[in-house]
Colleague: 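Take this structure, written in structure tokens, and hold onto it; I'll ask about it next.
Just so you know, these numbers use all the heavy atoms, side chains as well, and skip hydrogens, waters and symmetry mates.
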Amino acid sequence: MAYKRLFEKGKIGSLELKNRAVMSPMATNFANHDGTASMQLIRYYAERAKGGVGLIITEYIGVDHVYSMPAPNMLGLSQDYQVKSHEALTEAVHAYGAKIFAQLHHAGSASKSAYSGNRAISASEVPLFTGAPAPSAMTLEQIRQTQEKFLEAALRAQKAGYDGIELHGAHSYLITQFLSPYYNRRSDEYGGSFENRIRFLSEIIDSIRAALGRGFPISVRISGDEMTKEIEGTLTLEDGLEIGRFLVQKGIDALNVSNGNAFNPNANCDPYSYTPGWKRHVAAAFKSALSIPVIATNTIKNPAFAEQLLEEGVSDFVALGRALLADAEFINKAQAGKEDEIRQCIGCMVCRERVLAKNIGAACAVNARTGREYILNEYILNGFSRPVAVIGGGPAGMEAARVLSLRGFDVTLFEKESELGGSLGVSAKPPHKELILELKNTMVHELALSGVNIRTYCEADHRVISDLKPEGVFLAIGAKPILPKLPGVHLPNVCFAEDVINGRIIPKGKVAVIGAGMTGLEVSEMLGASGCELTIVDMLSEPAAGVYSIVRDDILKRVYEYKPNMLLGYRLCEIFSDAICLKTPSGEISRVEAEHVVLALGVLPEQGMLDAYRAVCPQIISIGDASKPGRIYEAIRDGLLSAFYFET
């Protein structure tokens, strides 16, 4: 077996696991509003269990619906009526040979009164972060009541069939708020010294152990290092190790090591620019210091790296989070030697954006089934070798062709370039975007296995399509860059961002980038790294408006290192051979020197193509950028859904 360590059996307490792969807790917002497990949630977890993972640790499960509601659709075990739905969840997971822990959680000051109707409570009246509302300091009676709620939730978890529980003591939630000197300013027996600050957690463990016995495993998740030393009182690696040693003495069965806090959430869930394994030293420190199994995330994208971490002794179990959103079959494919069929997470943060910024259900850019397993259950196998044409071999076209082939259609995919990939090829070229190339290669490989007839270097005009006599045409031809109708746009010193990213044009000297969206920032980073003197212009008042803040801030930090002249709220009026003319926010005209001008103003679909194809086939389905410009997420989603629901 290629991954001997990954597929070794493991034990947490007396519980035996079939391998060393653990599904990490990740919020989804898939639960029903009353905290019960929805069919959407059950199917989502069942698919990961079916995919071969040894242990699933659920997303956070609320123990208190009165003072702890950080999200609108949060799974709960604070009420007896919720147990039945959880039993359906555990049974679905167990059916595939996986084990499952319930992660018990209290948000503390992270609770939102808009959802709970009550002011949040915490160890002290310290806001979760600067500018957040201050919680109410818990009374001794509230502490005891909350500890009792953890115990009651643990009893319900056992009743529902969970194989163990995990106490969420990481990421600035309530248990951390007691552990952390930054949040905990109490002067009674629950504050001050380390022994007092950990008392809240210690007593919860004692009560659960007394009620459920040694045979029911208890894991605790902590932030091994909050990685915010600049903020006095936040937890360091040394503090984390002290907590870990104490918990070993308490007799817990496993420690789940995460990182970060409310001030540094990227240390927990990092964007694409972070290198896999960048925080491995934290997990390794716990593995070396403790005598119980250590579970740890390390931005794992592929099974080879998971195996490497286990061989190096970084942790006893590897926690896979977004890797299992991207491909629920990650473990099965690794075990079968089909690594090249694994769709790897690209770190785009769509999953986190949807849950944390938009308060809607989790989704994945590279796997449109994520969160839709309950409605995209089985493909309708009614293709019967009928011909279908897909025009365009970008992400939308490739996904549509794959799914149509799985449904039994005779699919011909036309691509005018020499190879498939479309926009993925361009998207993979800016710094830190290498994983998009992996996605492209995986999707091309999937098509090679699916039997799709691929015609590259082929312009699929209406005559070619007419000869095929298709019952449907999927138009995935992408979109064209926007060329503004302004004086000077056709000068030889003007080009599109795509030309620079592809290396067709290499600007030098003073360069003006028009457009501060993601494409504009990516090309600016490339130009800055090559030594260009940058001016970045955008008519909006902020760069990358509408882009998820975590991704935006990450790339802006790198772009600002090149000290660009950032002109926000400025409108391009005219281009010259040596300068650009701009209208300032106050309405004045300004001239800025520029030897080269790079346009990054977005793209627009080519609507004129539809009519030509309708004359050949009445069923024309525009997908991806050909329908509405978007990201990889929207393109792959369009490809999957349009092909799944296609009827003739």
Colleague: Would you say the side chains of Glu59 and Tyr44 form a donor-acceptor pair under 3.5 Å?
Modeller: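 Side-chain D/A pair, Glu59 to Tyr44: absent.
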Colleague: Does the side chain of Thr236 come within less than 4.5 Å of Lys229's, by heavy atoms?
Modeller: yes
Colleague: Does Ile56 reach the side chain of Tyr96, with side-chain heavy atoms less than 4.5 Å apart?
Modeller: no
Colleague: Do you know which two heavy atoms are closest between Ile42 and Ala92, and how far apart they sit?
Modeller: CG2-CB, 3.8 Å
Colleague: How close do Asn32 and Ser38 get, counting heavy atoms only, and between which atoms?
Modeller: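 Heavy-atom minimum between the residues: OD1-CB, 3.3 Å.
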Colleague: Indicate yes or no for a side-chain donor-acceptor contact from Asn367 to the backbone of Arg369 under 3.5 Å, with no hydrogens or angles considered.
Modeller: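 Yes, because the side chain of Asn367 sits within donor-acceptor range (under 3.5 Å) of the backbone of Arg369.
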Colleague: Would you say that more than 12 heavy atoms from the other residues, nucleotides or ligands in this model lie under 6.0 Å from the NZ of Lys333, or not?
Modeller: yes
Colleague: Considering all heavy atoms of both residues, which atom of Ala262 and which atom of Tyr183 are nearest to each other, and what is their separation?
Modeller: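 That closest heavy-atom pairing would be CB-OH, 3.9 Å.
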Colleague: Looking only at heavy atoms, which two atoms of Ala328 and Glu47 are closest? And how far apart?
Modeller: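 In terms of heavy atoms, the two residues are closest at CB-CG, 3.7 Å.
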Colleague: Would you sort out whether Arg5 and Glu8 count as a salt bridge (Lys or Arg N to Asp or Glu O under 4.0 Å), showing the intermediate values?
Modeller: CA-CA 5 Å; Arg5 295 299 306 276; Glu8 281 182 345; 3.2 Å; yes
Colleague: Do the side chains of Thr146 and Tyr67 get nearer than 4.5 Å, heavy atoms only?
Modeller: no
Colleague: Would you give the length of the straight line joining atom CD of Gln147 to atom CG of Leu201, rounded to the nearest 0.5 angstrom?
Modeller: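 The CD atom of Gln147 sits 9.5 Å away from the CG atom of Leu201.
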Colleague: Checking the side chain of Ser315 only, and the main-chain atoms of Ile295 only, is there a donor and an acceptor separated by less than 3.5 Å?
Modeller: no
Colleague: Does a salt bridge link Glu438 with Lys301, judged by any charged N lying under 4.0 Å from a carboxylate O?
Modeller: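 Answer for the salt bridge query: no.
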Colleague: Between Asn332 (side chain) and Lys50 (backbone), is there a donor-acceptor pair under 3.5 Å?
Modeller: yes
Colleague: Taking atom types as modelled, find out whether Thr370 and Arg48 have a side-chain donor-acceptor pair closer than 3.5 angstrom.
Modeller: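 Arg48 and Thr370 do have a side-chain donor-acceptor pair below 3.5 Å.
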Colleague: Please answer whether the main-chain N or O of Leu235 pairs with a side-chain N or O of Glu226 as donor and acceptor at a distance below 3.5 Å.
Modeller: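 Answer holds: yes.
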Colleague: Check whether any side-chain heavy atom of Tyr272 sits under 4.5 Å from a side-chain heavy atom of Val551, and report yes or no.
Modeller: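 Yes; the side chains approach each other to less than 4.5 Å.
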Colleague: So do Leu128 and Pro133 actually touch side chain to side chain, heavy atoms under 4.5 Å?
Modeller: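 When only atoms from C-beta onward are counted, Leu128 and Pro133 do not touch, as no gap falls below 4.5 Å.
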Colleague: Would Thr228 and Asn264 count as having a side-chain donor-acceptor pair, cut-off 3.5 Å?
Modeller: no
Colleague: Closer than 3.5 angstrom, by distance alone: can the side chain of Arg214 be matched with the main-chain N or O of Gly251 as a donor-acceptor pair?
Modeller: yes
Colleague: Measuring from Lys112:NZ to Ser68:OG, what's the distance to the nearest 0.5 Å?
Modeller: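 Reported value, rounded in 0.5 Å steps: 10.5 Å.
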Colleague: Is a side-chain donor or acceptor of Ser219 paired with a backbone partner of Glu166 at a separation under 3.5 angstrom?
Modeller: no
Colleague: Could you tell me the separation between the NZ atom of Lys18 and the CG atom of Leu55, rounded to the nearest 0.5 Å?
Modeller: 11.0 Å
Colleague: What residues form a side-chain hydrogen bond (donor to acceptor under 3.5 Å, both in side chains) with Thr297, not counting sequence neighbours?
Modeller: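 Checked Thr297 against side-chain hydrogen bond (donor to acceptor under 3.5 Å, both in side chains); zero matches.
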Colleague: Can you find a side-chain donor-acceptor pair between Thr36 and Asp34 that sits under 3.5 Å?
Modeller: yes
Colleague: Identify the two heavy atoms, one from Val366 and one from Gln344, that lie closest to each other, and give their separation to 0.1 Å.
Modeller: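 Reported closest heavy-atom pair: CG2-O, 4.0 Å.
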Colleague: Quick one: does Arg20's side chain have a donor or acceptor within less than 3.5 Å of a partner on Lys9's backbone?
Modeller: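 Yes: the side chain of Arg20 pairs with the backbone of Lys9.
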Colleague: Would you check if the side chain of Asn73 reaches a backbone N or O of Ala31 as a donor-acceptor pair within less than 3.5 Å?
Modeller: yes
Colleague: Any side-chain heavy atom of Phe101 sitting closer than 4.5 Å to one from Leu15?
Modeller: yes
Colleague: Nearest 0.5 angstrom please: Leu104 CG to Leu75 CG, how far?
Modeller: 10.0 Å
Colleague: Any heavy-atom pair between the side chains of Val355 and Thr28 that's under 4.5 Å?
Modeller: no
Colleague: Examine the side chains of Asp225 and His281 and answer whether a donor and an acceptor come within less than 3.5 Å of each other.
Modeller: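 Per modelled atom types, Asp225 and His281 side chains form no pair under 3.5 Å.
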Colleague: How many angstroms lie between atom CG of Leu6 and atom CG of Leu310, to the nearest 0.5 angstrom?
Modeller: 6.0 Å
Colleague: Of the options Ile252, Leu167, Leu290, which is the one that meets Leu247 in a side chain to side chain contact (heavy atoms under 4.5 Å, CB included)?
Modeller: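 Result: among Ile252, Leu167, Leu290, Ile252 is the only option passing the side chain to side chain contact (heavy atoms under 4.5 Å, CB included) with Leu247.
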Colleague: Output, in order, the C-alpha distance, side-chain angles, deciding distance and verdict of side-chain contact (heavy atoms from CB on, under 4.5 Å) for Leu309 and Arg280.
Modeller: CA-CA 8 Å; Leu309 293 170; Arg280 68 207 297 167; 3.8 Å; yes
Colleague: Find out whether Asp270 and Lys279 are in side-chain contact, i.e. whether some heavy atom of one side chain is under 4.5 Å from a heavy atom of the other.
Modeller: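 Of all side-chain heavy-atom pairs linking Lys279 with Asp270, at least one is under 4.5 Å.
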Colleague: Salt bridge between Glu329 and Lys338, side-chain N to carboxylate O under 4.0 Å?
Modeller: no
Colleague: Which residue pairs pass the ring-ring contact (aromatic ring centres under 6.0 Å, His included) test with at least one member in residues 104-137, sequence neighbours excluded?
Modeller: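 Matches after skipping sequence neighbours: Tyr60-His105, His105-His168, His105-Tyr173.
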Colleague: Rounded to the nearest 0.5 Å, what separation is found between the CG atom of Asp163 and the CD1 atom of Ile57?
Modeller: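 Nearest 0.5 Å value for the CG-CD1 distance: 11.5 Å.
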Colleague: Could you go through Tyr182 and Phe263, starting from their C-alpha distance and side-chain angles, then the distance that decides it, and tell me whether this counts as ring-ring contact (aromatic ring centres under 6.0 Å, His included)?
Modeller: CA-CA 12 Å; Tyr182 176 85; Phe263 298 98; 5.4 Å; yes
Colleague: Are more than 12 heavy atoms, taken from residues, nucleotides or ligands other than Glu230, located less than 6.0 Å from that residue's CD atom?
Modeller: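 For Glu230, atom CD is crowded (more than 12 foreign heavy atoms under 6.0 Å).
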Colleague: Could you tell me whether Arg558 and Asp554 make a salt bridge, using a distance below 4.0 angstrom between a side-chain N and a carboxylate O?
Modeller: yes
Colleague: Could you walk me through whether Thr299 and Tyr274 satisfy the side-chain contact (heavy atoms from CB on, under 4.5 Å) test, starting with their C-alpha distance in whole Å, then the side-chain angles of each, then the deciding distance to 0.1 Å, before giving a yes or no?
Modeller: CA-CA 8 Å; Thr299 317; Tyr274 286 59; 5.6 Å; no
Colleague: Counting only heavy atoms not in Met39 (residues, nucleotides, ligands), do more than 12 fall under 6.0 Å from its CE?
Modeller: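 Count not over threshold, so no.
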Colleague: Any chance the side chains of Ser109 and Gln177 put a donor and an acceptor closer than 3.5 Å?
Modeller: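 Gln177 and Ser109 do have a side-chain donor-acceptor pair below 3.5 Å.
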Colleague: Under the 3.5 angstrom rule, does the side chain of Asn19 hit a backbone N or O of Gly54 as a donor-acceptor pair?
Modeller: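 A pair under 3.5 Å: yes.
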Colleague: What pairs with Phe200 under ring-ring contact (aromatic ring centres under 6.0 Å, His included), at least two apart in sequence or on another chain?
Modeller: Phe178
Colleague: Check whether any side-chain N or O of Arg185 sits under 3.5 Å from a backbone N or O of Val126 as a donor-acceptor pair, and report yes or no.
Modeller: no
Colleague: Go through Ile12 and Lys99 one step at a time and tell me if the side-chain contact (heavy atoms from CB on, under 4.5 Å) criterion holds.
Modeller: CA-CA 11 Å; Ile12 293 179; Lys99 306 299 182 183; over 6 Å; no
Colleague: Taking all non-hydrogen atoms of both residues into account, name the closest pair between Ala365 and Val350 and its distance.
Modeller: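 Residues Ala365 and Val350, closest heavy atoms: CB-CG2, 4.3 Å.
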Colleague: Is the shortest distance from a Lys or Arg side-chain nitrogen in Asp253 or Lys11 to a carboxylate oxygen in the other one below 4.0 Å?
Modeller: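 Salt bridge absent between Asp253 and Lys11.
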Colleague: Please determine which of Cys351, Cys364, Ser24 meets the side chain to side chain contact (heavy atoms under 4.5 Å, CB included) test together with Arg322.
Modeller: Cys351
Colleague: Check the pair Tyr190, Glu203 against side-chain contact (heavy atoms from CB on, under 4.5 Å), reporting the backbone distance first and the verdict last.
Modeller: CA-CA 11 Å; Tyr190 291 94; Glu203 291 176 347; 2.6 Å; yes
